[in-house]
Amino acid sequence: MVVALLTAAGTGTRMGQDIPKQFMHVENKPLIIHTMEAFQKHPNVDAIMVVTLSAWADVLKAYAHQFNITKLKWVVEGGATGQESIYNGLKALSGELSEDDVVMVHDGNRCLVSGEIISDSLATFREFGSAVAVIPCVEAVFFSRDDGQSATESIPREQLFRTQTPHTYTLGKLLWAHEEAKKKNITNTAASCTLMQALGETVYFSKGSETNLKITTVDDLMIFEALLNTKKDTWLK
């Protein structure tokens with residue numbers, strides 16, 4: 001079984017709005033539903049879990065019913081941090097699935113995850129046993145040793161990759177990582193890839209995209225709205 005575990009337990013303080021950003025509407029649809037629809041439509045995803053704020057759980061279920069998200073099987077209360085929220089979801093899944101089942105951890109506010117990104121993540125997972133969506137860094141990057149006002153060192157951008165989600169692992173591997181983190185007092189690593197790296201694991205890259213943006217600020221929301229209404233020209237390869 002392949003399960004998409006969507007994290008949507010943030011309060012959205014950086015967005016500065018009256019409701020959590022994942023429940024804000026764009027084109028008459030909550031952001032979390034935009035994300036859920038991507039996994040609903042993908043033929044290789046069997047079920048969806050959403051980890052969210054307890055006060056919004058019933059609202060989420062109502063939205064899922066309204067927008068016909070039939071793959072939603074579990075809604076779990078989030079924790080105080082992203083790491084805790086993912087662990088809460090994994091613990092809930094451990095009572096439902098086997099350790100060899102596949103979990104795709106994805107940010108609930110990455111609404112434009114494409115079918116191609118999901119497929120490539122699963123293909124990379126099948127080849128290497130894990131997958132983390134990334135995009136290459138195309139900007140010049142400098143390392144500042146002082147207060148961020150100046151630098152004398154640059155980092156070759158060819159060696160740099162920006163991680164996104166999904167992060168795809170077996171349920172057993174993810175549970176192992178989070179339980180090891182508790183033993184080693186590794187806290188607040190919301191990204192599963194960062195946690196795996198901290199535990200000495202190799203991170204294998206799958207395809208990401210600049211359009212697979214994480215909606216965190218009002219600027220991100222405006223970009224998302226623009227992308228929703230943009231189509232790729234037919235002459236572009």
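Any value given below was found using the heavy atoms of this structure, including those in side chains, with hydrogens, waters and symmetry copies removed. In this chain, residues are counted from 1 in sequence order.
- Taken from NE2 in His42 to CD in Glu116, the straight-line distance is 10.0 Å, to the nearest 0.5 Å.
- Put simply, the side chain of Leu160 reaches to within 4.5 Å of the side chain of Ile155, judged on heavy atoms.
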For the pair His34 and Phe67, evaluate ring-ring contact (aromatic ring centres under 6.0 Å, His included) and give the outcome as yes or no after the intermediate values.
-> CA-CA 10 Å; His34 283 282; Phe67 290 98; 8.3 Å; no
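- Judged as a ring pair (Phe, Tyr, Trp, His ring centres under 6.0 Å), and not counting sequence neighbours, the contacts of His178 are Tyr87.
- Atom CE of Met222 sits about 9.5 Å away from atom OG1 of Thr217, to the nearest 0.5 Å.
- Counting heavy-atom neighbours within 6.0 Å of His65 NE2, excluding the residue itself, gives a total of 12 or less.
- Ring geometry for Phe23 versus Trp56: interplanar angle under 30°, hence parallel rather than tilted (30 to 60°).
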Test Met104 against Leu122 for side-chain contact (heavy atoms from CB on, under 4.5 Å), laying out the working first.
-> CA-CA 9 Å; Met104 307 186 78; Leu122 290 169; 3.9 Å; yes
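- Residues meeting the side chain to side chain contact (heavy atoms under 4.5 Å, CB included) test with Lys183, sequence neighbours left out: Glu180.
- Between Asn44 and Ile118, every side-chain heavy-atom pair lies at or beyond the 4.5 Å cut-off.
- In this structure, CD1 in Ile48 is found 9.0 Å from CD1 in Ile32, a value given to the nearest 0.5 Å.
- When all heavy atoms of Ile86 and Ser192 are compared, the pair lying nearest together is CD1-OG, 4.1 Å.
- Not a single donor-acceptor pair under 3.5 Å links the side chain of Asn185 to the backbone N or O of Ala181.
- The shortest heavy-atom contact between Ile215 and Cys111 is CD1-SG, 3.7 Å.
- By the salt bridge (Lys or Arg N to Asp or Glu O under 4.0 Å) test, Lys29 is found to be paired with Glu37, residues two or more places apart in sequence or in another chain being considered.
- Here the side chains of Phe224 and Leu112 are in contact, with some heavy-atom distance below 4.5 Å.
- Within 6.0 Å of NZ on Lys71 lie more than 12 heavy atoms contributed by other residues, nucleotides or ligands.
- With contacts defined as side-chain heavy-atom distances shorter than 4.5 Å, the pair Ile33/Ile69 qualifies.
- Of the listed residues (Phe125, Phe128, Phe161, Tyr169), just one forms a ring-ring contact (aromatic ring centres under 6.0 Å, His included) with Tyr204, and that residue is Phe128.
- With values rounded to the nearest 0.5 angstrom, His167 atom NE2 is found 8.5 Å from Ser206 atom OG.
- With sequence neighbours excluded, no residue forms a salt bridge (Lys or Arg N to Asp or Glu O under 4.0 Å) with Glu27.
- A donor-acceptor contact closer than 3.5 angstrom is absent between the side chains of Thr187 and Gln83.
- Within the structure, salt bridge (charged side-chain N to carboxylate O under 4.0 Å, His left out) contacts touching residues 72-99 (residues at least two apart or in different chains) do not occur.
- A pairwise comparison of heavy atoms in Ile117 and Pro166 identifies CG2-CD, 3.8 Å as the closest pair.
- If you take OG on Ser114 and CG on Asp120, they are separated by 9.0 Å, rounding to the nearest 0.5 Å.
- The shortest side-chain heavy-atom distance between Val26 and Leu31 falls under the 4.5 Å cut-off.
- Under the rule for a salt bridge (Lys or Arg N to Asp or Glu O under 4.0 Å), the partners of Glu210 that lie at least two apart in sequence or sit in another chain are Arg162.
- The two residues Ser144 and Gln149 come nearest to each other via the heavy atoms OG-N, 4.2 Å.
- No side-chain donor-acceptor contact under 3.5 Å links Asn109 to the backbone of Lys214.
- Arg157 places no side-chain N or O within donor-acceptor distance of the main-chain N or O of Cys137, the cut-off being under 3.5 Å.
- Across all non-hydrogen atoms, the minimal contact from Gly208 to Gln164 is CA-OE1, 3.4 Å.
- At least one side-chain heavy atom of Lys173 sits less than 4.5 Å from a side-chain heavy atom of Thr170.
- With respect to His106, the side chain to side chain donor-acceptor pair (under 3.5 Å) criterion is satisfied by exactly one of Asn212, Thr165, Thr7, Thr168: Thr165.
- Taking both residues in full, the closest heavy atoms of Gly79 and Ser85 are given as N-OG, 2.9 Å, listed atom of the first, atom of the second, then distance.
- By the 4.5 Å heavy-atom criterion applied to side chains, Leu213 and Ile223 are counted as neighbours.
- To the nearest 0.5 Å, atoms CH2 (Trp176) and CG (Leu199) are separated by 4.5 Å.
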